[in-house]
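See structure below.
In what follows, chains carry the letters A, B, and so on, assigned in the order in which the sequence lines appear, proteins first and then strands, with residues in each chain numbered from 1.
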Protein chains: 2
Amino acid sequence: MSETLSPAPSRERRTYSIGELARRFEVTPRTIRFYEQEGLLDPERRGQTRVYHEKDRVRLSLTLRGKRLGFSLAEIREVIQLYDHAPDGDERQLRRMLDILAEKRRGLERQLEDIRALQHELDDVEDRCRESLDALLARHSRDA
Amino acid sequence: MSETLSPAPSRERRTYSIGELARRFEVTPRTIRFYEQEGLLDPERRGQTRVYHEKDRVRLSLTLRGKRLGFSLAEIREVIQLYDHAPDGDERQLRRMLDILAEKRRGLERQLEDIRALQHELDDVEDRCRESLDALLARHSRDA
DNA sequence: GATGAGCTTGACGTTTACGTAAAGTAGACC
DNA sequence: GGTCTACTTTACGTAAACGTCAAGCTCATC
């Protein structure tokens, strides 16, 4: 449950290869490297190969969640940076961050509304669909 | 409230120019033409200029809602076609359509989960943010 | 020591969803 | 009749988010 992006001193010591992460999240290694290039991930290096920790796994998870909601990688990077730099900064920065947070919340609220609206429209389609099906089956049994 | 994509015999008789629609929805005419090209809109023609009816306005509204949720235009077109062709088709087609509807619903459910998760993460950030701010303000008043 | 699996860095290609500029048309107004 | 304004088509450009080779390293295994 309580996953965090901030280091969480040293709970889990597991590491992952890029291939492992890719299989886990059903993306390609290319995608993961691309996210790193875009500043969404920052894995350790051993020699020249990448080593991913819990922090990276959580970040990737957050990234893919954002993608499913239609966020751009730039927007997701913003959220991640909010996450990482929440505690520091002066008063003006902190207040600005609270503003940004409020705005993000408004965006999510709107998405909630959009989803509800779409659900209702699916209801409509399903209703009409079932009616047609019922009429069809009624004719079937009548003609039998 | 009860807007429909199916013709609704002839309730409103308003029409719109492409520019009017564009202003209403805060998109460019180019976007609207592109959506037509992609099979999402199908306006009447008077001479060579496009004339949009309620049906088109509702479709555009649905399209933009889909976009806000991260759907591709192809996916949105699917939904619109569901909407338009719901009542016709044989039994197999109708059952297939119900399956598709169920799948769309699962997608929306997942998005709901994603939104809730993101809201919690924003809660976390906000908490830490407020703590820092409080600490900062406390120091201020102490130093005064 | 060759072979394969999995990693690496480039570099170019591709799809989606438009933006933008060019050049022409059609009706309203002075 | 000229000038605006709003529309039209055609066509090329572009940003985002990867896909898809190519070529090379590295480590275990036969």
Atom [atom1] of [X] to atom [atom2] of [N]: distance rounded to whole Å?
X: E36(A); N: dG10(C); atom1: CD; atom2: P; value: 12 Å
X: R45(A); N: dC25(D); atom1: CZ; atom2: P; value: 16 Å
X: Q37(A); N: dA16(D); atom1: CD; atom2: C1'; value: 12 Å
X: R33(B); N: dT8(D); atom1: CZ; atom2: C1'; value: 7 Å
X: R77(A); N: dA15(D); atom1: CZ; atom2: C1'; value: 13 Å
X: F34(A); N: dT9(C); atom1: CZ; atom2: C1'; value: 16 Å
X: K67(A); N: dT16(C); atom1: NZ; atom2: P; value: 13 Å
X: I18(A); N: dG6(C); atom1: CD1; atom2: C1'; value: 11 Å

Using a strict threshold of under 4.0 Å (side-chain N to carboxylate O), is an ion pair present between D84(B) and R77(B)? no
For residues [X] and [Y], determine if any side-chain heavy atom of one lies less than 4.5 Å from a side-chain heavy atom of the other.
X: Y16(B); Y: D56(B); value: no
X: Y35(B); Y: R59(B); value: no
X: P43(B); Y: V51(B); value: no

So, does [X] get its side chain near the phosphate of [N], meaning an N or O under 4.0 Å from OP1 or OP2?
X: S17(B); N: dA6(D); value: no
X: R50(A); N: dT8(C); value: yes
X: T31(B); N: dA17(C); value: no
X: Y35(A); N: dC18(D); value: yes

Closest-nucleotide 5' rank along DNA chain D - winner of R30(A) and Q48(A): R30(A)
Over 12 non-hydrogen atoms of neighbours within 6.0 angstrom of CZ in R92(A): no
If you find the nucleotide of DNA chain C closest to T49(B) and the one closest to R23(A), which residue's nucleotide is nearer the 5' end? R23(A)
Contact class for F71(A) vs. all strands (heavy atom < 4.0 Å): base, sugar-phosphate, or nothing? nothing
